[in-house]
Amino acid sequence: MTASLPVSGLTSSSGAGFPAVQHQSQRSGHRPLAVAAATSAPAAAPALRLVAQSEGLLQIHTAPFRGSFGAVLSQALRSAGLGSRVLVTQFLKGGVDQGLGSSVWLCGRLQWLRPGVPACLSEPAAHQELELLEAVRQVWAFSREQLLSGAVDLMVLDELGLAVELGYIDQAEVLATLERRPAHLDVILTGPAMTPELMAMADQVTQLRRGL
C-alpha cells in the first residue's frame with residue numbers, strides 16, 4: 001500500500017494532496033504590458049536634409065566669326081519648352097521692326113528682343129545716329145532690369161561683347177550688372193568679340209573654330 005506524503009506549501013484543490021497549479025489569466029487580444037509598451041512607441045522620423053539650390057553659371061560662347069548664336073538659341077528654346085523663363089536679347093541685330101514694344105514670344109515663355117533699328121549694326125557707335133544708339137541702350141536697360149530682378153531663369157545676351165567694343169554699351173556697367181546677377185540665373189554671352197574682363201568673369205567658355 002502506497003502512502004501519500006503531503007508537500008509543504010502545496011495544496012490540492014481536491015484536498016487529495018495533489019499540488020495546485022496557478023494559471024495567469026490572459027484574455028484573447030491582450031498582450032503582456034512589456035510587449036505593448038515596446039510596440040506602442042512611435043518610430044523615429046528620418047532626418048530631413050535641405051537640398052542646395054543649383055547655382056547659375058555665366059557662360060561664354062564665342063567664335064572669330066558670327067556663328068555661336070544658333071546652338072545657344074536651340075538650348076534656350078529647349079529650356080523654354082521645359083518651363084523655364086527665358087530672355088534672348090540681340091543687341092546689334094535689326095531690320096525686323098522689333099524694339100521693346102514688338103518683341104517676339106516663342107513657346108509662351110521665351111521673349112526674343114532686338115532693338116528697333118532698320119538694319120544690323122556693325123559700325124562704331126561714334127559713327128551712328130543718336131536714334132540708333134538710344135534703341136540699343138533701351139534694349140540693354142530692359143535686359144539689365146530683367147537680370148537684376150531675377151525675372152527669368154536663363155538669359156542669352158548676343159553680341160554684348162561686340163556692343164561694348166563698338167561703344168554702344170558701357171563696359172563698367174555691364175561688369176557691375178553681371179557681378180550682381182541672382183544666384184539661380186544662367187547667363188550666356190555669345191558673339192565674335194569678348195573683352196578680357198568678360199572672359200575673366202566667365203564660369204565656362206566655349207570657343208568655336210573652323211576646321212584647319
Interatomic spacing from CG in Asp158 to CG in Leu73 - rounded to 0.5 Å: 9.5 Å
Gln111 vs Phe142, side-chain contact (heavy atoms from CB on, under 4.5 Å): CA-CA, chis, key distance, verdict: CA-CA 12 Å; Gln111 184 179 8; Phe142 176 80; 3.8 Å; yes
Residues that Gln98 engages under side-chain contact (heavy atoms from CB on, under 4.5 Å), provided they are two or more places apart: Val96, Val104, Arg114
Which atom of Ala80 lies closest to which atom of Leu110, heavy atoms considered: CB-CB, 3.8 Å
Side chain to side chain, Leu154 and Ser84, heavy atoms closer than 4.5 Å: no
More than 12 heavy atoms of other groups within 6.0 Å of Gln207 CD: no
Point-to-point distance, once rounded to the nearest 0.5 Å, from CG of Leu87 to CH2 of Trp112: 12.5 Å
Intermediate values then yes/no, side-chain contact (heavy atoms from CB on, under 4.5 Å), Arg181 and Val187: CA-CA 9 Å; Arg181 69 187 187 278; Val187 179; 4.0 Å; yes
Thr195 and Gln171: CA distance, side-chain angles, deciding distance, side chain to side chain donor-acceptor pair (under 3.5 Å) verdict: CA-CA 9 Å; Thr195 66; Gln171 176 170 266; 2.8 Å; yes
Sequence-distant partners of Ala176, side-chain contact (heavy atoms from CB on, under 4.5 Å), two or more places apart: none
Criterion side-chain contact (heavy atoms from CB on, under 4.5 Å) against Leu189, the qualifying member of Met194, Met155, Met199: Met194
Minimum-distance pair of heavy atoms, taken over all atoms of Leu198 and Leu175: CD2-CD2, 3.7 Å
Value rounded to 0.5 Å, distance of CD in Glu159 from CZ in Phe91: 10.0 Å
Gln90 vs Phe69 side-chain heavy atoms within contact, under 4.5 Å: yes
Ser143 side chain vs Val139 backbone, donor-acceptor pair below 3.5 Å: yes
Nearest atoms (heavy-atom pairs only) where Tyr168 meets Glu123: OH-O, 2.6 Å
4.5 Å side-chain heavy-atom contact, Thr206 and Ile60: no
Residues that Glu145 engages under salt bridge (Lys or Arg N to Asp or Glu O under 4.0 Å), provided they are two or more places apart: none
Heavy-atom pair of closest approach, residues Ala163 and Leu92: N-CD1, 4.0 Å
By side-chain contact (heavy atoms from CB on, under 4.5 Å) - contacts of Ala135 (at least two apart): Pro115, Val117
Side-chain heavy-atom pair Ile169, Leu160 within 4.5 angstrom cut-off: yes
Separation between CD of Gln146 and CG of Leu113, rounded to the nearest 0.5 Å: 9.5 Å
Note, Glu129 side chain near Glu134 side chain (heavy atom, < 4.5 Å): no
Joint hydrophobic cluster, Met201 plus Leu57, side-chain heavy atoms closer than 4.5 Å: no
Arg109 versus Gly83, closest heavy-atom pair with distance: NE-O, 2.7 Å
Point-to-point distance, once rounded to the nearest 0.5 Å, from CD1 of Ile188 to CG of Asp186: 7.0 Å
Minimal non-hydrogen separation, Gly191 against Thr62, with atom names: O-OG1, 2.8 Å
Flag, side chain of Ser102 to backbone of Gly99, donor-acceptor distance under 3.5 Å: no
Side chain to side chain, Leu157 and Thr190, heavy atoms closer than 4.5 Å: no
Separation of Asp203 CG from Gln59 CD (nearest 0.5 Å): 8.0 Å
Chi angles and distances behind the side-chain contact (heavy atoms from CB on, under 4.5 Å) call for Leu147, Leu178: CA-CA 8 Å; Leu147 188 152; Leu178 293 176; 4.1 Å; yes
Partner set under side-chain contact (heavy atoms from CB on, under 4.5 Å) for Ala141, not counting sequence neighbours: none
Where at least one partner belongs to residues 76-87, residue pairs that pass salt bridge (charged side-chain N to carboxylate O under 4.0 Å, His left out), sequence neighbours excluded: Arg85-Asp153
